[in-house]
Each structure stands twice: as C-alpha cells, then as structure tokens.
Amino acid sequence: MPVARRETSDCRVIGHVDMDCFYVQVEQRKEPKLRGVPTAVVQYNSYKGGGLIAVSYEARAHGVKRSMRGDEAKEACPQIQLVQVPVARGKADLNTYRNAGSEVVFILSRKGRCERASIDEVYLDLTDAAEAMFMETPPESMEYIEEEVTKSHVVGLQCEDGNDPKEEVRKWLCRSDASYQDKLLACASFIIADLRMQVLKETEFTCSAGIAHNKMLAKLASAMNKPAQQTVVPHSSVAGLLESLPIKKMKQLGGKLGSSLQSDLGVNTVGDLLQFSEEKLQQRYGINTGTWLWNIARGISGEEVEGRLLPKSHGSGKTFPGPQALKTIGSVQHWINELCEELSERLHSDLEQNKRIAHTLTLHARAYKTGVSNSNRKFPSKSCPLRYGTVKIQEDALTLFQAALREFMGSYNCKTNWSENNNWGITSLSVSASKIVPIPSGMHSIVKYFGGQSPSGSSLNQPLDNVINEAVPPSSSGTENSLGLIPYELPVRYPEEDTAMKHSQDCLDQQDLLCNLSKKVDGLTEESSLMSPTGSGDKRKQSEQHRDSPAKKPSVVFNTSSLKAIEKRKREGKKLQGNCSITKFFNNYPNSRSSLEQKNITNAQGSQSASGSYLTSDRVETSGESYHDDIHTNIADYSAANVPHGRQAWSYNIDEIDPSIIRELPPEIQEEFQAWLQPQKRLNVVKRGSSITNYFLPNNSR
DNA sequence: ACGGATCGTACA
DNA sequence: TTGTACGAT
C-alpha cells in the first residue's frame with residue numbers, strides 16, 4: 001500500500017498515459033488490415049480458442065471482453081479477428097510488446113520525469129515543463145491552438161446545449177481568471193496532447209491520458225475517455241468527481257480491501273469514506289493504510305513520479321492447468337530449462353542495453369497433492385543469488401525447485417522415492433530475476449564486448465556464463481568460481497561503488513571477477529586486432545566524458561530495434577506533419593497496404609531478427625528530468641556517451657595483462673572463446689549493412 | 001480447467 | 001533477507 005506523504009505539496013502537475021488496447025495495436029501495426037476491425041489478441045489456441053488478453057474497441061462494442069475465451073469471443077462477435085501471441089520455447093513470448101512499450105516510454109520521457117508503471121502505462125511529472133510553458137506562453141496568450149487539445153475533456157465542465165464543446169474546452173484552457181494551478185494543468189494538457197501526437201507519428205500507437213495534480217487522479221482521468229482522448233481534472237472538480245465514484249474504481253481498492261470497505265464499513269463511493277476519521281480507518285486497516293484511505297478520500301496522494309524507465313524485475317512463467325500438470329522431475333526440469341533460457345536471454349539483453357545486473361533468482365510454483373490430508377498447502381517460493389549464464393540459472397532453479405518440493409512434501413515420508421511419485425503435481429512454474437542494479441561505469445567495456453553476441457543456448461555465450469559467476473545456490477558444491485580465478489586489485493576506481501554495490505559481498509566479487517576477466521580478454525582482442533574494425537579511437541577519459549554532460553542530466557539507452565523503428569517512423573512522420581488530429585491520423589491509411597505500411601512490415605521483421613541482440617552499438621541519448629539517483633545518472637551518461645562502435649578503449653596498460661589467463665580457462669571454454677570471436681566479427685560487419693541486409697539475417701528464434 | 005504472464009508493493 | 005499476500009493489467 002503506497003504511503004501518502006503529507007509533506008508533499010499538491011502543487012504538482014502529473015500526467016498518466018495509458019495505451020489503448022496495446023497488444024492489439026502492436027498486432028495492428030504489424031498487420032494493418034486489422035485496423036478498424038474487431039480484433040483481439042489470444043494466447044494458447046488449443047483450449048477453447050485461447051484466452052483473450054487484449055480486445056480492440058470495435059470488438060468491445062460487440063460485447064467482447066478480456067478474460068473471455070477465443071470461442072466465446074467468436075460467439076459474441078463472429079467476425080472478430082483473433083491474433084495469437086507469439087510462442088517461443090513452448091510458452092507465450094511477450095517480447096514484441098515489451099519492445100513496443102519501450103518505444104513509447106522513450107518518446108514520453110522527453111518532457112519530464114517519467115515512470116514506467118507497466119508495459120503500457122506511464123506516469124509523467126510535468127510540473128517543470130508546465131511552469132516553463134506558463135512563463136513563456138501562458139494559455140490565455142495563445143492565438144492558435146492545435147485541434148487535438150480542444151478535444152480534451154475537462155471534468156466538471158458544463159457545456160450548455162447548442163454550444164460547441166470544443167470551444168468550451170478552449171475557453172477553459174485559456175481562461176485568464178483561472179487559478180495558477182489550473183493554468184498549469186492547462187499547460188500540461190497542451191504538452192500531453194503534443195506528446196500523444198508524437199507517439200502516434202513515431203509509433204502509430206494511440207493512447208489516452210489524464211492530467212491532474214497527483215498520480216491517483218491522473219490515473220483515474222486517463223481511463224475516463226478512451227480511446228485516443230485525454231481528460232484533465234481541475235482542482236475544483238476533485239470533490240465532485242470522487243463523491244460518486246464507486247470505491248472499487250479506485251486503484252488499489254479493486255480487490256479485498258475495497259470489498260472490506262463495502263461490506264464492513266458500508267462505503268460504496270469514495271465520498272462515503274469522508275465520514276470516517278483517520279483514527280477510525282487506522283484502527284481498522286492499520287496505520288499506513290488508514291492514513292492512505294483518509295487521504296485518497298480527499299483527493300490527496302503524495303506519491304512521487306519515480307523516474308524509472310526500466311522494469312525492476314524480469315520473470316518467465318507458465319501454467320499447466322488440470323491434466324497438463326507436471327508429475328515428474330523430468331518434465332519439471334524440462335520446463336524449468338525452457339523458462340530459464342528465456343530469462344537468461346532477457347538478462348543478457350538488459351545487461352547489454354542497460355548495463356544492469358540482476359542479483360536474485362527466485363522460483364515460484366503452484367502445486368497440488370493428492371491423497372494426503374493437508375493437500376492444498378502452499379508451494380513455497382525459493383530464491384538464491386543469481387549467477388549469470390543459462391546453464392547456471394537452469395541448475396540453480398532446479399535446485400531451488402527441489403528444495404521447495406521437499407518442503408512442500410514434508411520432511412517425513414520423503415525419504416524413499418519422493419521425486420518420482422505421483423502424489424504431487426505442478427500446475428504453474430515461474431522463474432524471476434530481481435534486485436537489478438546498474439553496474440559501475442568502468443565495467444561497460446566488457447559489457448559491450450560480451451554483449452554483442454547472440455543470447456542464450458548457444459555455446460557462444462559461455463564465456464559470459466562464466467564471467468559473472470560467483471554466488472552459489474543452496475546445497476551447491478563449493479564457493480570458488482568456475483574459472484578458479486582469484487580476483488585481484490581493480491585497475492580503475494569506481495566512485496559509485498560505495499553506493500551502488502554495498503548490498504552484498506557477492507556483488508563486489510562479481511564486479512571484481514568481471515573486471516578481472518575483461519582485462520584479460522581485452523588483451524586477447526588487442527592482439528587479434530586485425531579482425532577488429534571496431535577498435536576504438538575514442539580515448540577520452542571518463543572524467544572528460546562526464547564534463548560533457550551536466551551531472552544531473554539523465555540519459556537512457558534503449559534497445560536497438562525499438563529505436564530503429566522510432567527513427568524510421570519519425571522520418572515518415574514528417575510527411576504527415578500537417579495533420580494534427582489523432583482521430584484523423586489513420587485516415588491516411590487505407591485498408592489496402594500503402595507504401596508506409598509496407599515499410600512497417602519490413603520494420604517489424606527487422607525488429608524481430610534484431611531482437612536476438614547482436615546489434616549492440618547503435619545507442620541514442622535522450623535527456624529530460626529523469627533519474628533521481630546519481631548512480632543511474634552516471635551510468636546512463638556513460639553508456640550514452642559517444643562510443644560509436646565496438647568496445648570501449650581501456651585506460652590501463654595492455655602490457656600489464658597476463659596472457660596466461662586464457663590458458664587458465666577450462667579447455668572447452670578456451671575453444672568457445674575462439675569459436676565465439678569469429679562470428680562476433682562477422683556479425684558486426686553485417687550490422688553496418690543496409691536494412692536490406694538486416695532483412696536477410698537469420699532469425700534468432702528457435 | 002483458475003483469465004495467463006508479468007510486474008509492483010507492503011508486510012511479517 | 002526471504003517469503004508471502006495482494007493488486008493491477
């Protein structure tokens with residue numbers, strides 16, 4: 001439960017942006033024939049036509065709802081188009097939607113602090129931007145107003161019969177006698193409308209938005225007029241809005257707490273909450289939740305927009321309902337391997353693109369037990385330090401599973417053949433990686449070096465598997481890393497280290513080891529630099545790079561495929577500049593394929609083949625008020641600094657490198673090093689080719 | 001046979 | 001810190 005901070009003033013301007021039926025839009029962009037027709041996205045076709053996870057507004061008009069089965073949807077709307085979620089490794093693969101979400105966040109982060117709330121939702125703190133606009137061009141002084149803004153909705157604004165609602169909205173936005181706070185909200189409405197246009201032009205996605213003086217109200221507002229519209233909540237309208245709002249509509253109150261308020265306190269609307277004293281609510285729901293409830297009843301919410309563009313954890317999971325339940329260790333191991341492979345791939349992408357390392361691996365499962373008395377006991381979740389490398393993650397996850405299963409079965413009769421006996425069944429499995437922290441900037445070169453290769457599974461990534469590798473899962477054999485290397489003194493200093501890496505010793509050890517090996521490996525490349533056209537001429541020191549960018553200037557690195565898609569659409573968008581209405585936008589897109597649409601298909605395929613992530617070097621810097629954290633800022637600045645291609649130059653003497661390090665590696669790893677170096681170069685060359693070359697790159701999916 | 005796959009937070 | 005419960009989409 002979020003804790004409202006009383007000391008925070010409500011003189012802020014917050015926006016909430018919500019993509020409209022996002023997965024559907026992603027599929028419609030890929031297949032423009034689906035535009036304008038009832039469409040839904042389903043996963044798992046086999047059972048009753050699969051489960052719907054996104055429904056277009058045309059389909060909603062026919063009564064189709066999320067959580068329906070594909071068959072039901074067909075029943076309600078026979079002409080509905082059902083698109084399947086991509087499948088990889090026998091499970092749903094949401095990567096295309098994640099990447100599409102990144103495109104949007106990238107654009108929205110231009111105008112202020114930006115928090116990625118979910119794959120398709122973003123909060124923006126527009127206070128500064130709105131104040132700046134007010135100083136420069138206050139709304140009452142504006143002579144021309146873009147049409148899109150006039151289609152905003154203003155909560156509580158009365159529109160008498162016969163009046164043009166657009167004109168009423170324009171008058172409200174430009175009212176000279178409005179309060180300062182409402183004028184800021186008006187400014188933010190202009191800014192958000194502009195951002196939404198940018199999103200549309202550069203991604204072809206529509207979204208809805210809410211503008212208010214805190215997150216809670218902005219979120220509420222963004223859902224009030226969908227799709228492709230925006231809603232602003234003036235200060236004077238807050239009480240009236242909340243008074244009749246059903247309590248369950250409020251974020252965080254859609255579940256048991258909301259039900260309890262209804263049944264135990266007779267609270268049906270947010271307004272009903274006003275009768276209760278803060279003490280009463282605290283006594284009933286605890287100190288924090290009580291205060292939080294008291295505040296939201298008054299439209300008060302002190303939650304800050306966090307300034308975080310990346311997810312805090314990655315997970316991969318699958319359910320095995322009913323008959324599909326897993327009953328042998330072998331089948332469990334198979335699925336754990338699949339899930340871990342996906343997770344590992346995403347961890348490598350995160351490392352390469354965002355310079356972050358995850359530190360905890362967790363395994364969750366659901367299970368049933370037959371026959372025995374306490375048959376519906378919870379299957380415990382287990383976690384351990386995360387070691388990078390697909391195989392390591394797979395092994396550790398299996399170990400975690402076995403520990404949990406032992407606990408689940410009880411320690412008594414598990415002595416015999418507990419593993420292969422049929423009195424248990426696993427109905428869901430998931431693995432996740434959390435505690436993801438940025439790595440010190442001094443480490444970036446090794447990431448760049450290792451990061452450019454294809455992800456999990458292949459032997460190509462084995463070197464990295466063993467580089468970041470110190471922590472040991474429960475009941476594992478030893479504490480030495482698999483290379484048998486002893487970390488020694490770091491060649492460079494990391495000022496951020498104290499703050500960023502003080503969680504646990506194993507973090508530091510990982511950094512040491514990573515640096516240690518990277519140094520050696522770099523020596524190897526240096527010797528074989530004939531093959532490396534990417535040898536960096538950029539010998540600037542870190543301090544010089546920092547001088548280039550202000551300390552508080554945040555920058556973010558995005559995945560290459562997303563960026564390419566954005567840049568491409570941006571160019572195309574220039575041709576459409578004259579059209580400033582979101583609802584009119586798609587009138588430029590006939591149902592048959594235009595040349596633009598054809599390009600989009602190309603883009604989509606390019607993205608897919610690039611998702612394997614051997615395209616590493618194209619990075620883009622974006623700025624705005626973002627990270628509140630110095631470490632983030634430093635890291636981001638560094639990673640976005642001018643490093644055109646290939647690895648970063650090293651700041652220490654090559655002669656100091658001990659060449660014997662390679663011989664210390666296990667023989668098979670040595671071989672993999674060599675095997676790995678070759679395709680690395682080849683891919684880098686291909687990467688710089690045209691998009692046509694890209695088009696023919698081998699697909700990375702299995 | 002549960003809307004599934006993922007995320008996030010508060011709390012013990 | 002780990003593990004659980006809950007909530008959202």
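Lettering follows sequence order; numbering is per chain, from 1. The figures here come from the full heavy-atom set of this structure, side chains too, leaving out hydrogens, waters and symmetry mates.
- Atom pair Leu339(A):CG and dA5(B):P shows a separation of 9 Å (rounding to whole Å applied).
- For Ser316(A), counting side-chain heavy atoms from C-beta on, the closest listed nucleotide (dG3(B), dT6(B), dA8(C)) is dT6(B).
- Heavy-atom distances to DNA chain B give each of Ala117(A) and Gly322(A) a nearest nucleotide, and the one nearer the 5′ end belongs to Gly322(A).
- Counting any heavy atom pair closer than 4.0 Å across all strands shown, Gly51(A) reaches no nucleic acid atom.
- The shortest distance between the side-chain N/O atoms of Lys312(A) and the OP1/OP2 oxygens of dC7(B) is not below 4.0 Å.
- In this structure, a donor-acceptor pair under 3.5 Å is absent between the side chains of Tyr97(A) and Gln25(A).
- No side-chain N or O of Ser208(A) forms a donor-acceptor pair with one of Asn225(A) less than 3.5 Å apart.
- Using a 4.0 Å heavy-atom distance criterion, Lys435(A) is classed as a sugar-phosphate-only contact.
- For the side-chain hydrogen bond (donor to acceptor under 3.5 Å, both in side chains) test, residues two or more places apart in sequence or in another chain that qualify with Gln84(A) are Asn45(A).
- One can place CZ of Arg308(A) at 6 Å from P of dT9(B), the figure rounded to the nearest angstrom.
- Under 4.0 angstrom from either OP1 or OP2 of dA5(B) there lies no side-chain N or O belonging to Arg98(A).
- Lys48(A) comes within contact range of no nucleotide atom at all, as no heavy-atom separation falls under 4.0 Å.
- With hydrogens and angles left out, the side-chain atoms of Asp350(A) and Asn354(A) include a donor and acceptor closer than 3.5 Å.
- Side-chain nitrogen and oxygen atoms of Thr289(A) include none within less than 4.0 Å of the OP1 or OP2 phosphate oxygen of dA10(B).
- Between the CG atom of Leu400(A) and the C1' atom of dT1(C) there is a distance of 15 Å, given to the nearest Å.
- Closest to the side chain of Lys382(A), out of dG3(C), dG4(B), dA1(B), is dG3(C).
- Checking dT4(C), dC7(B), dA5(C) against the side-chain heavy atoms of Pro311(A) singles out dC7(B) as nearest.
- The pair Glu103(A)-Arg29(A) meets the salt-bridge criterion, with a side-chain N (NZ, NE, NH1 or NH2) lying under 4.0 Å from an Asp/Glu carboxylate O.
- Rounded to whole Å, the distance from CG on Leu94(A) to P on dA8(C) is 20 Å.
- For Ser313(A) and dG8(B), the shortest distance from a side-chain N or O to OP1 or OP2 is below 4.0 Å.
- Taking 4.0 angstrom as the limit, Lys219(A) places a side-chain polar atom (N or O) nearer than this to OP1 or OP2 of dT9(C).
- Taking atom C1' in both dG3(B) and dG7(C), one finds a spacing of 15 Å when rounded to whole Å.
- Thr39(A) and Glu58(A) share no side-chain donor-acceptor pair at under 3.5 Å.
- Across all strands, Arg66(A) comes closer than 4.0 Å to base atoms (heavy-atom distances).
- Between Ser381(A) and dT4(C) there is a side-chain polar atom (N or O) within less than 4.0 angstrom of OP1 or OP2.
- Distances shown here put every side-chain N or O of Thr362(A) at or beyond 4.0 Å from the OP1 or OP2 atom of dT2(C).
- At dC6(C), one or more side-chain N or O atoms of Lys256(A) fall inside 4.0 Å of OP1 or OP2 (strictly under the cut-off).
- Atom NE2 of His364(A) and atom P of dT2(C) are 13 Å apart (whole Å).
- Of the side-chain N and O atoms in Asn288(A), none sit less than 4.0 angstrom from OP1 or OP2 of dA10(B).
- In this structure, Tyr285(A) places its OH atom 19 Å from C1' of dT9(B), rounding to the nearest Å.
- Side-chain contact, Asp272(A) with Thr269(A): a donor N or O sits under 3.5 Å from an acceptor N or O.
- The CD atom of Gln43(A) sits 6 Å away from the P atom of dA5(B) (whole-angstrom rounding).
- For the OP1/OP2 pair of dG3(B) and a distance below 4.0 Å, the side-chain nitrogens and oxygens of Lys65(A) include no atom meeting the criterion.
- For Tyr44(A) and dG4(B), the ring-to-base geometry does not satisfy the stacking test (centroid distance below 5.5 Å, interplanar angle below 30°).
- Looking at the side chain of Ala92(A), the nearest of the listed nucleotides dA5(B), dT6(B), dC7(B) is dA5(B).
- Nucleic acid contact for Arg346(A): sugar-phosphate only, since backbone atoms but no base atoms lie under 4.0 Å from a heavy atom of the residue.
- Between Asp120(A) atom CG and dC7(B) atom P the separation is 13 Å, expressed in whole Å.
- Taking only side-chain atoms of Lys91(A), from C-beta outward, the nucleotide of dG8(B), dA1(B), dA5(B) with the closest atom is dA5(B).
- Nearest to the side chain of Glu306(A), among dT2(C), dA1(B), dT9(B), sits dT9(B).
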